[in-house]
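What follows is a single structure, written as structure tokens, with notes after it.
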Amino acid sequence: MAQLDLFSLGGRVALVSGGGGAIGSALAEGLAAAGARVAVSGRTSETCDAAVERVRSAGSEGLALQGDMTVEADADRVVAQTLERFGRLDIVVNAVGGGAGQVLHPAEGYPRSDWDWIMELNVRSTVVPTQAAVQSMIAAGHGGAVLNLSSVRSILGINAGYSAYVAAKGAISSLTRQWATEWARYGIRVNAIMPTFVDTPQVASLLADADFKAGVVSRIPLGRVGETKDLVGPAIFLCSAAASFVTGQILGVDGGLTATQ
Ligand SMILES: NC(=O)c1ccc[n+]([C@@H]2O[C@H](COP(=O)([O-])OP(=O)(O)OC[C@H]3O[C@@H](n4cnc5c(N)ncnc54)[C@H](OP(=O)(O)O)[C@@H]3O)[C@@H](O)[C@H]2O)c1
């Protein structure tokens, strides 16, 4: 095998949960460009359809699947429909999550309703589709790859009312290590990427504050916030045979932020 072929996802099938989102749609397109056929799931059909258009533009086949990824029946159906259409499922990317900037509260009074919402949006939405996908991978016996979206907030505090989000992303990083440990016996690798701020609608209101953004950028050695395209190469790597001995890792994609803290 030529060395660059290690990065090819040709013949593989990926499910990008939350693939209609800013990061999810960039990753769906990137995995497609690397050769994967890609199913995209989310609650809003229109954004999933738009992501599938990006998959097709990248030269691959896509499938838009509407569903709430915190609901077991929806996740099971999405996996079944992916298998029905493409015949296999090798990769699941968990790109549902976020919400931090919408619910900023002092830690000492963080309201339970917002806490539960952030946990549901980030943790439950990662657990439910992963369980459905991994059950199918174990049954098929061909191994696979799981890629989670953690955040530098899984290891760094921030003085901005983020209690629930840091707890949720800490859980995602912990689950990445736990799942990698449990599912290695099935040839299923589990990794995560850990971005700092990525220029997306989720964080637009925070980054619109010039002082806040200047503070963020000043702490990032590469001198800028991330862009969705910065996440594509790391995602392809971690989902490909190039990372065949890499599992349980949380890869910082953060311009060097965590190296300096
Ligand atoms: N943006 C950043 O700066 C940044 C930094 C570090 C980590 N991250 C992480 O990266 C991930 C993606 O972030 P993003 O900026 O791309 O967010 P986004 O644009 O809001 O994308 C999230 C997607 O998830 C979907 N979704 C939400 N709840 C869902 C549910 N219950 N079932 C199915 N789909 C659901 C949303 O679509 P519907 O509402 O239509 O379902 C949306 O398409 C998150 O985990 C986030 O924490 C982001």
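Remember, it's a predicted structure, so these values are computed and weren't measured experimentally. In each ligand, atom 1 is the first atom listed, and ligand 1 is the first ligand listed.
Using a 4.0 Å cutoff on heavy atoms, Gly42 counts as a contact of ligand 1. In this structure, Lys169 is part of the shell of residues with a heavy atom less than 4.0 angstrom from ligand 1. At least one heavy atom of Thr196 sits less than 4.0 Å from an atom of ligand 1. Residue contacts with ligand 1 include Ser150, since one or more of its heavy atoms lies under 4.0 Å from the ligand.
Shown are Thr126, Asn122, Thr130; of these, the side-chain hydrogen bond (donor to acceptor under 3.5 Å, both in side chains) with Asn94 is made only by Thr130. If you run side-chain contact (heavy atoms from CB on, under 4.5 Å) between Val103 and each of Trp117, Tyr162, Trp115, only Trp117 comes through. With respect to Pro195, the side-chain contact (heavy atoms from CB on, under 4.5 Å) criterion is satisfied by exactly one of Thr200, Asp254, Leu149: Leu149.
Closest protein heavy atom to atom 39 (O) of ligand 1: Arg43 NH2, 2.8 Å. Summary of contacts: the protein heavy atom closest to atom 40 (O) of ligand 1 is Thr44 OG1, 2.4 Å. Among protein heavy atoms, the minimum distance from atom 44 (C) of ligand 1 is reached at Gly97 C, 3.4 Å. Tyr165 OH, 2.7 Å is the protein heavy atom nearest to atom 47 (O) of ligand 1. At the shortest separation from atom 22 (C) of ligand 1 among protein heavy atoms lies Ala95 O, 3.6 Å. Nearest non-hydrogen protein atom to atom 19 (O) of ligand 1 is Ala22 N, 2.9 Å. The shortest contact between atom 20 (O) of ligand 1 and any protein heavy atom is with Gln202 NE2, 2.8 Å. Scanning the protein for heavy atoms near atom 1 (N) of ligand 1, the closest one is Thr200 OG1, 2.8 Å.
Every atom of ligand 1 is numbered from 1 in the order shown, and the set under 4.0 Å from a heavy atom of Gly18 is 23 (C), 24 (O). The Val203 neighbourhood of ligand 1 comprises atoms 3 (O), with distances under 4.0 Å to a heavy atom of that residue. Of all the atoms in ligand 1, the ones that sit under 4.0 Å from a non-hydrogen atom of Gly20 are 43 (O). Ligand-side atoms of ligand 1 in range of Thr70: 31 (N), range being under 4.0 angstrom from any heavy atom. For ligand 1 and Phe197, the ligand atoms under 4.0 Å from any heavy atom of the residue are 3 (O). Counting the atoms of ligand 1 from 1 in the order shown, those under 4.0 Å from a heavy atom of Gly67 are 32 (N), 33 (C).
Using a 4.0 Å cut-off between heavy atoms, Asp68 contacts ligand 1 through both its backbone and its side chain. Contact annotation: for Ile23 versus ligand 1, heavy atoms closer than 4.0 Å belong to both the backbone and the side chain. Only the side chain of Leu121 comes within 4.0 Å of ligand 1, counting heavy atoms alone; its backbone N, CA, C and O stay farther away.
Look at Asp211 and Lys213 and you find no salt bridge, because none of the NZ, NE, NH1 or NH2 atoms lies under 4.0 Å from a carboxylate O. Look at Arg224 and Asp230 and you find a salt bridge, because one of the NZ, NE, NH1 or NH2 atoms lies within 4.0 Å of a carboxylate O, short of that distance. A salt bridge does not link Arg77 with Glu72: every distance from a Lys NZ or Arg NE/NH1/NH2 to an Asp or Glu carboxylate oxygen is 4.0 Å or more.
With contacts defined as side-chain heavy-atom distances shorter than 4.5 Å, the pair Asp90/His142 qualifies. Under the 4.5 Å side-chain criterion, counting only non-hydrogen atoms from C-beta, Val134 is in contact with Val146.
Note: Phe197 and Phe212 meet the aromatic proximity criterion, with ring centroids under 6.0 Å apart.
Of the N or O atoms in Gly98, one or more lie within a sub-3.5 Å distance of an N or O in ligand 1. At a 3.5 angstrom cut-off on N or O pairs, Gly24 does not count as close to ligand 1.
Side chain to side chain, Ser125 and Thr70 fail the donor-acceptor criterion of an N or O pair below 3.5 Å. Inspection of the Thr176 and Asn148 side chains reveals an N or O donor paired with an N or O acceptor under 3.5 Å.
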Could you walk me through whether Gln131 and Gln135 pass side-chain hydrogen bond (donor to acceptor under 3.5 Å, both in side chains), step by step?
CA-CA 6 Å; Gln131 288 178 326; Gln135 284 171 18; 5.7 Å; no
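Both Val166 and Val216 are part of a single hydrophobic cluster, where members link through side-chain heavy atoms under 4.5 Å apart.
Ring pair Trp183/Trp179 is parallel by interplanar angle, where below 30° counts as parallel and above 60° as perpendicular.
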